[in-house]
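One-based numbering, in listed order, for ligands and for the atoms of each.
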Amino acid sequence: MRFVFMGPPGAGKGTQAKAVAERYGVSHVSSGDIFRGEIANKTPLGLKIKSYLDSGGLVPDDITVGAVAGRLEAPDCANGWLLDGFPRTIGQAEALDKALAKGGTKLSAVVDLEVDPEVIVERMSGRRVCKCGRSYHVRYIKPRVEGKCDACGSGLVIRDDDRPETVRTRLATYQKQTSPLIEYYDRKGLLLRVDGSGSPDEVRSRLFEQLNAFVSE
Ligand code: AP5
Ligand code: MG
């Protein structure tokens with residue numbers, strides 16, 4: 001299976017993508033996580049892209065396509081993958097189409113998680129993250145011990161780009177550069193629209209039900 005997860009910033013892509021990847025036995029590949037890892041490790045790529053993430057704009061297509069393509073060549077992606085946050089521009093989607101055609105494969109489904117703007121702002125303003133990659137919410141997905149990661153015990157922090165002014169830019173960037181992909185994939189008959197409102201469990205059940213029906217058609 002090869003999935004793409006779309007949706008505005010803070011829609012819950014990462015939260016649901018992990019569960020879907022586990023259920024289908026595929027690797028969860030998040031372009032945002034790849035970039036945050038490079039920034040945390042202060043690699044040459046990390047230094048080059050930091051300003052894009054800080055501003056809420058997109059990393060240029062050539063850099064993004066290269067980083068994701070490299071990740072998809074790893075052995076754990078051989079049995080399938082779920083792309084979370086990629087593609088985000090028509091150019092990236094075309095690059096992905098080309099790579100899939102070259103490998104003689106295609107996408108199984110593109111999930112678009114639909115969530116109202118007020119809910120998005122509430123989800124992002126309450127998000128707390130751990131350096132190990134786990135993500136929580138102060139009201140909806142609480143850690144067992146307040147402020148500490150369940151998995152590694154490290155302190156939870158606010159993600160750098162969850163500041164209100166950056167959130168506004170990220171939402172505008174999504175509208176302008178990423179939302180045209182909804183029609184792009186709809187025309188290919190790959191789009192699955194999923195209502196992302198409600199609790200994480202409610203969204204997961206709805207998503208599993210719709211996705212299962214879609215891929216077995
Ligand atoms: P990226 O990391 O992809 O961020 P994003 O798309 O803005 O999305 P988020 O990760 O903020 O939200 P999410 O939808 O994963 O929601 P989550 O599950 O965490 O990208 C960051 C940056 O990297 C970009 O701005 C760009 O600069 C760069 N970048 C990345 N990919 C790129 C690309 N392809 N091209 C160019 N640049 C790229 O949930 C949010 C919060 O809500 C959490 O606290 C969670 O616990 C909570 N929550 C989740 N579901 C629910 C629920 N049902 N009810 C209540 N709370 C919930
Ligand atoms: Mg995410």
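Atoms of ligand 1 found under 4.0 Å from any heavy atom of V203, numbered from 1 in the order shown, are 53 (N). Distances below 4.0 Å separate heavy atoms of Y140 from the following atoms of ligand 1: 55 (C), 56 (N). The distance from ligand 1 to the heavy atoms of T64 drops below 4.0 Å at these ligand atoms: 33 (C), 34 (N), 35 (N), 36 (C). Numbered from 1 in the order shown, with element, the atoms of ligand 1 that lie under 4.0 Å from a heavy atom of S199 read 53 (N).
With atom 38 (C) of ligand 1 as the reference point, the heavy atom nearest to it among F35, Y136, F5, Y174 is part of F35. Heavy-atom proximity to atom 21 (C) of ligand 1, evaluated over M6, K50, R170, R36, is greatest for R36. Of all the listed residues (R128, K13, R159), R159 holds the heavy atom that lies closest to atom 4 (O) of ligand 1. Of the candidates G126, G198, G10, it is G198 that places a heavy atom closest to atom 53 (N) of ligand 1. Residue T15 holds the heavy atom nearest to atom 50 (N) of ligand 1 of all those in L83, T15, V68.
At least one N/O-N/O distance between A11 and ligand 1 falls below 3.5 Å. Checking only distances, G85 does come within under 3.5 Å of ligand 1, N or O to N or O. In terms of polar-atom proximity, R88 is counted as a contact of ligand 1, with an N or O under 3.5 Å from an N or O of the ligand. Among the atoms of R127, some N or O lies under 3.5 angstrom from an N or O of ligand 1. Between Q92 and ligand 1, a contact under 3.5 Å exists for at least one N or O pair. Note: no N/O pair closer than 3.5 Å links P9 and ligand 1 by distance alone. Polar contact check, G7 against ligand 1: no nitrogen or oxygen pair lies under 3.5 Å apart. In terms of N/O distances under 3.5 Å, ligand 1 is not approached by G196.
With respect to atom 27 (O) of ligand 1, the closest heavy atom belonging to the protein is G57 O, 2.6 Å. Scanning all protein heavy atoms for the shortest distance to atom 15 (O) of ligand 1 gives G14 N, 2.9 Å. Of the protein's heavy atoms, V59 N, 3.1 Å lies nearest to atom 37 (N) of ligand 1. Nearest to atom 31 (N) of ligand 1 among the protein's heavy atoms is S31 OG, 2.7 Å. Shortest contact from atom 46 (O) of ligand 1 to any protein heavy atom: I141 CD1, 3.1 Å. With hydrogens left out, the protein atom closest to atom 42 (O) of ligand 1 is R123 CB, 3.2 Å, a heavy atom. Scanning the protein heavy atoms around atom 16 (O) of ligand 1, the nearest turns out to be G12 N, 3.1 Å.
Counting only N and O atoms by type, the side chains of T43 and N41 include no donor and acceptor under 3.5 Å apart. Side-chain atoms of Q177 and T89 include no donor-acceptor pair closer than 3.5 Å.
From L83, atom CG reaches atom OG of S31 across 8.0 Å, with rounding to the nearest 0.5 Å.
When side chains are defined from C-beta on, L181 counts as touching I90, because their heavy atoms get closer than 4.5 Å. The shortest side-chain heavy-atom distance between V194 and L211 does not fall under the 4.5 Å cut-off. Contact of the F5 side chain with the L82 side chain is registered, since non-hydrogen atoms from C-beta on lie closer than 4.5 Å.
Within the structure, the closest approach of P87 to ligand 1 does not fall below 4.0 Å when heavy atoms are considered.
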Q: Report the C-alpha distance between L192 and V110 in whole Å, list the side-chain angles of each, state the deciding distance to 0.1 Å, and finish with yes or no for side-chain contact (heavy atoms from CB on, under 4.5 Å).
A: CA-CA 6 Å; L192 179 64; V110 176; over 6 Å; no

V129 and Y136: side-chain contact (heavy atoms from CB on, under 4.5 Å), yes or no, with the steps?
CA-CA 6 Å; V129 295; Y136 301 85; over 6 Å; no

Practice task
With side-chain contact (heavy atoms from CB on, under 4.5 Å) as the test, would you mind laying out the steps for T64 and F35 before giving the verdict?
Solution key: CA-CA 9 Å; T64 304; F35 290 151; 3.6 Å; yes

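Residues V111 and Y184 do not share a hydrophobic cluster, clusters being chains of Ile/Leu/Val/Met/Phe/Trp/Tyr side chains in contact below 4.5 Å.
With T105 contributing its side chain and A101 its backbone, the two residues share no donor-acceptor pair below 3.5 Å. A donor-acceptor contact shorter than 3.5 Å is absent between the side chain of Q16 and the backbone of G12. Under a 3.5 Å cut-off, the side chain of R128 and the backbone N or O of G147 do not form any donor-acceptor pair.
For the pair R123 and Y140, the cation does not sit on the ring face, since its NZ or CZ is not both under 6.0 Å from the ring centre and inside 45° of the axis.
In this structure, the ring of Y24 has its center less than 6.0 angstrom from the ring center of F3.
At a threshold of 4.0 Å, the pair K106-D97 does not count as salt-bridged, since none of the basic side-chain nitrogens sits closer than that to a carboxylate oxygen.
No part of A17 comes within 4.0 Å of ligand 1, judged by heavy-atom distances. Residue contacts with ligand 1, taken as heavy atom pairs separated by less than 4.0 Å, involve L58 via backbone and side-chain atoms alike.
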